[in-house]
Amino acid sequence: MKKNGNHSSGPGGGDEGGDENKLIAERRAKLAELRRAAGAGGAYPNDFRRDALAGELQAAYGERSGEWLEANPTRVHVGGRLMFKRLMGKASFAKIADRTGQIQLYLQQETLGPVYEAFKGWDVGDILGGSGLLFRTRTGELSVRADELRLLTKSLRPLPDKWHGLADTETRYRRRYVDLIMSDTSREVFRTRAHIVRYLRDFLDALDFLEVETPMMQPIPGGAAARPFRTHHNALDLDMYLRIAPELYLKRLIVGGLDRVYEINRNFRNEGLSTQHNPEFTMLELYLAWADYRDIMDWVEKATRGLADTLNGRLQLTCQGRQYDLAQPFRRVTVEQAIVESNPGIDPLSLRDATYLRKRCDQLGIAYSSDDGPGKLLIGLFEKTAESALLDPTFVFAYPVEVSPLSRPNDADPFIADRFEFFIAGREIANGFSELNDPEDQAARFRAQAARKEKGDEEAMFYDADYVRALEYGMPPTAGLGVGIDRLVMFFTDSPSIRDVILFPHMRPEA
RNA sequence: GGGGCGUUAGCUCAGUCGGUAGAGCAUCGGACUUUUAAUCCGCUGGUCGACGGUUCGAUUCCGUCACGCCCCA
């Protein structure tokens, strides 16, 4: 605890963190002086309005010559955060940043008088508003010759080094606001994220899909194999779960005749954190009646390509140092083919033989339980040995029915379901299948899942009687898809960690 | 859960074979009326992540813990 800063309203910054320091103390003293001298608007006025944005000015006048600007006097009111300050005696330069970019102000003592003297005490990080005529400096930078300048918001905390920015990953995630102030690329990631989501909405809206919202708090968590978060509804005295997937609700809507529905929202899974897992993550799920999984694969391919084209204007891009050409047709292989490719010497004819698979799993150190049949063992093998090799966009299909309790079995081969997963850069991006709409088969699958859960498999599904009842009313032949939006954004923004594409990723509380 | 690495000034980082620490930038004071990581002069600024052990002495060595990053399960 240090001196200073004891305004009644002020949390004092150091009440818990104790991170007050000399720099902050200096700024608090400046703020105290501002409060003393402040007029009607106080130290935090809100009566300045901009009529121009930095990026727009750069775009509109960046090419204009100094002569042109002089011949066509253009007055602008700009505002933003002071990112750069250079005092040179009786004249100074300042750069302010708004959401579109930066613009330089040229300040002269002669013009500004006492405001110029005040400016000398303002700090990088403060928020200013100013107005004046556009001109071009001797070195050619478009600037505003300010004849009015105001400090609108005093910043009490120093920003990171202008040149190095904020390098510490922990601080970037914990204080995303500072990261966003300092890093153009970070801001760009989240703009791209928004563009991706908008593209997908437009894509589906154009196909006459209906965007819907289904419960995030569910009495029975379903639609995926995952451990849920629990919560409690006090008034109903009811334990509830944060959803692990919206699937079973969305398919109820297909039963209801909506035919084409999607939802983009958060799922919650009570699992570990990694570069590819955040406890809450964003999923696009869609369901399409009168279609099968192959139709969905075609759409995924089309949308992925369309995204690249919309975001970058081209189908070639780089992710983590590797080139991707989305113009090439996306590969389609079965689970078993993918395993054979990644496991030289494996016997392709024994991939449904549990004894053989257990032996392979033992050799590779893949854990399994005694209840696991060949389908589960096969997927264990696939995930361990084949997934990370799937760099170019690849559809892997023919997943075992055993691990696909909501998927329609293949007509010709009852071992597999009409299901695929979509991989890019070794990461699962999407999962889709022809939906199981046989209520009696679904009931049997739920019973099998419930039995596994009884035996301690925490990821096994609950029996959802209302969902079975819905299917008993009749669900038309349907295909569905889930897309991991965060991972898709990682690919298109070349981000190595899911935390780079989530504004506020989950962290342990600060010490 | 296991392994590796990290945590030093506001930021980015050095460093101390154990004797309580330094640079650049920022801040603060001064000079400078078109700068571009401006320049010049001067001064500040640290519980070296936390706790314990060894030691005359620990930021440094050892242990435990916290937080983070990476890899594995």
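Note on A/Gly272: nothing from the nucleic acid sits closer than 4.0 angstrom, heavy atoms only. Contacts of A/Thr275 with the nucleic acid, taken as non-hydrogen atoms under 4.0 Å apart, involve only primed sugar atoms and P, OP1 or OP2. When heavy atoms are screened at a 4.0 angstrom cut-off, A/Ile24 is found touching no nucleic acid atom at all.
Note: A/Phe119 and A/Trp122 have perpendicular aromatic rings, judged against thresholds of 30 and 60 degrees for the angle between ring planes. Using the six-membered ring where Trp is involved, A/Phe420 and A/Phe395 have ring planes that are perpendicular, over 60° apart on the 30 and 60° scheme.
Taking the nucleotide of RNA chain B with the nearest heavy atom to each of A/Gly365 and A/Arg508, the more 5' of the two is matched to A/Arg508. Remark on RNA chain B: of its neighbouring residues A/Gly89 and A/Asp168, the 5'-side contact belongs to A/Asp168, judged by nearest-heavy-atom nucleotide.
Following rounding to the nearest Å, A/Glu33 (CD) and B/C28 (P) show an atom-to-atom distance of 15 Å. Rounded to whole angstrom, the span from the CG atom of A/Leu159 across to the C1' atom of B/C25 amounts to 13 Å. Atoms CD (A/Glu20) and C1' (B/U47) sit 17 Å apart, rounded to a whole Å.
In a base pair of the Watson-Crick type (N1 to N3 plus N6-O4 or O6-N4) or a G-U wobble (N1-O2 and O6-N3), with each distance short of 3.5 Å, B/U44 is matched with no nucleotide. Pair check for B/C32 finds none; no Watson-Crick or G-U wobble contact set falls under 3.5 Å. Across all strands shown, B/C13 is found opposite B/G22 as a Watson-Crick or G-U wobble partner, with both distances under 3.5 Å. Within the shown strands, B/C72 is the pairing partner of B/G1 under the Watson-Crick or G-U definition, both distances less than 3.5 Å. The pairing partner recorded for B/U64 is B/A50, the criterion being a Watson-Crick or G-U wobble arrangement whose two distances lie under 3.5 angstrom.
Considering only side-chain N and O atoms, A/Arg499 lies under 4.0 angstrom from the phosphate OP1 or OP2 of B/C69. Phosphate proximity of B/A38 to A/Lys162: present, with a side-chain N or O under 4.0 Å from OP1 or OP2. Distances shown here put every side-chain N or O of A/Lys95 at or beyond 4.0 Å from the OP1 or OP2 atom of B/A37. A close approach under 4.0 Å does not occur between any side-chain nitrogen or oxygen of A/Arg172 and OP1 or OP2 of B/G68.
Ring centroid separation for the pair A/Phe433 and A/Tyr399 does not come in under the 6.0 Å cut-off.
Neither side chain, A/Asn267 nor A/Glu280, offers a donor N or O lying under 3.5 Å from an acceptor on the other. Between the side chains of A/Arg193 and A/Ser495, no donor N or O sits under 3.5 Å from an acceptor N or O.
A heavy atom lying under 4.0 Å from RNA chain B marks the following residues of residues 135-148 of chain A, by number: A/Phe135, A/Thr137, A/Arg138, A/Thr139, A/Glu141, A/Arg145. Residues from residues 107-132 of chain A lying near RNA chain B, meaning a heavy-atom separation below 4.0 Å, are A/Gln108, A/Glu110, A/Asp123 in numerical order.
Remark: A/Arg145 is positioned above the aromatic ring of A/Phe135, its terminal NZ or CZ atom under 6.0 angstrom from the ring centre and at most 45 degrees off the axis. Remark: A/Arg176 fails to qualify as a cation-pi partner of A/Phe504 under the 6.0 Å distance and 45° angle criteria applied to the six-membered ring.
Side-chain N or O atoms of A/Gln58 include one that pairs as donor or acceptor with a backbone N or O of A/Gln102 at under 3.5 Å.
Nucleotides B/U44 and B/G2 have their C1' atoms positioned 47 Å apart, rounded to a whole Å. Nucleotides B/C13 and B/A58, compared at atom C1', are 23 Å apart to the nearest Å.
Between A/Arg243 and A/Glu285 no salt bridge is recorded (no basic side-chain N to carboxylate O distance below 4.0 Å). In this structure, A/Glu56 does not pair ionically with A/Arg50, as no charged nitrogen and carboxylate oxygen lie closer than 4.0 Å.
Remark: the A/Gln104 side chain and the B/U35 base include a donor-acceptor N/O pair separated by less than 3.5 Å.
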